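Here the structure comes first, spelled out in structure tokens, and everything after it is commentary.
The shown structure was predicted, so the numbers you read here are calculated from the model rather than taken from an experiment. No hydrogens, no waters, no symmetry mates; every other heavy atom, side chains included, goes into these values.
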Amino acid sequence: MKTEREKALNGKVLFIFCDSSAHEPFADQFIKLKNAKIGYDLLFLDGETSSWLGMQRVESSGSERIIAADEYSPAAIELSKDYDGIIIPEIDLDNAARVTAGMKGTIKAEVIFSAVMLKKFILVGADTPGIKRSDRRCLKELTLPAPYRERFESYKKQMNELGIDFKPQMELADSIIQKIGKKLETKKTEITSSKNNSITQNNQLVFEKKLLTTDWIQAQSLIPNDMIVLPKGVIISPLAKDLLKQRKIMVKWIERDDG
């Protein structure tokens, strides 16, 4: 069940960080998201083993809180369902190769795969070196050698072809706000179109889709005669039934016009 606070949000995204200190440079960007009423959860992948799937799974404890490892929580592949977008400030050569090959096996690759399948937007830091933070600390190297660097750039281009956008790390919040803003505008347009095209010449409100939900009912500024006309075969969600009863809105069933 969504909290009242979450319902008031314009959208919600998931940040996936390599470790529990990687989020610190993004404090100002989190403020931007708060001001834009965009929620965010943080997933930290501390240590090499925690980024691999096995008995470890991840769960969300709510907007602006940390997602923690928990063997009873949803699998990584399910995470994308609850978010408008996935944000990965750093991606490495290994995960980039997995994503372009359609392989899974790590949390990052698993989440990206499900986000692509569900058509959620994905933002990745463009100024990433391609080496895991843990590897940089261990090997004392900050850049990939030339052959690996060329391959990494090739992977980034292939990821872009999958619909994955690369933006500078310090501009990720602006990109999130822009993408969610476009989504909200599209939704408003659809609602306006629904309002304008549903009133018939007989001053009846006709529902033209297959599933009647509370969102559609609440979006109607005018319901003539407190009645909605439904073609036979339309499904009314349980919450919509409750709302119709609460508002004393009648339902009139008609034969569907297939012409």
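- In this structure, I86 and L123 have side chains that are not in contact, with every pair of non-hydrogen atoms separated by 4.5 Å or more.
- Annotation: side chain of Q220 is in contact with side chain of L205 (closest heavy-atom distance under 4.5 Å).
- Cation-pi geometry between K156 and F166 is satisfied (NZ or CZ under 6.0 Å from the ring centre, within 45° of the ring normal).
- Here the side chains of L33 and F15 are in contact, with some heavy-atom distance below 4.5 Å.
- Here the two rings, on Y40 and Y83, have centers that are 6.0 Å apart or farther.
- No donor-acceptor distance shorter than 3.5 angstrom exists from the side chain of E90 to the backbone of A22, with no hydrogens or angles considered.
- Open room surrounds CG on D28; 12 or fewer heavy atoms of other groups in view lie less than 6.0 Å from it.
- Taking 4.5 Å as the limit, every side-chain heavy atom of P231 sits out of range of all side-chain heavy atoms of E255.
- More than 12 heavy atoms of other residues, nucleotides or ligands sit less than 6.0 Å from atom CD1 of I254.
- Residues satisfying the side chain to side chain contact (heavy atoms under 4.5 Å, CB included) criterion with R137, sequence neighbours excluded, are D19, R133, S134.
- Side-chain contact between D165 and V124: absent, with no pair of heavy atoms (C-beta onward) separated by less than 4.5 Å.
- With salt bridges taken as basic N to acidic carboxylate O contacts below 4.0 Å, none links K32 and E171.
- The closest donor-acceptor contact from the side chain of K167 to the backbone of A126 lies at 3.5 Å or more, if one exists at all.
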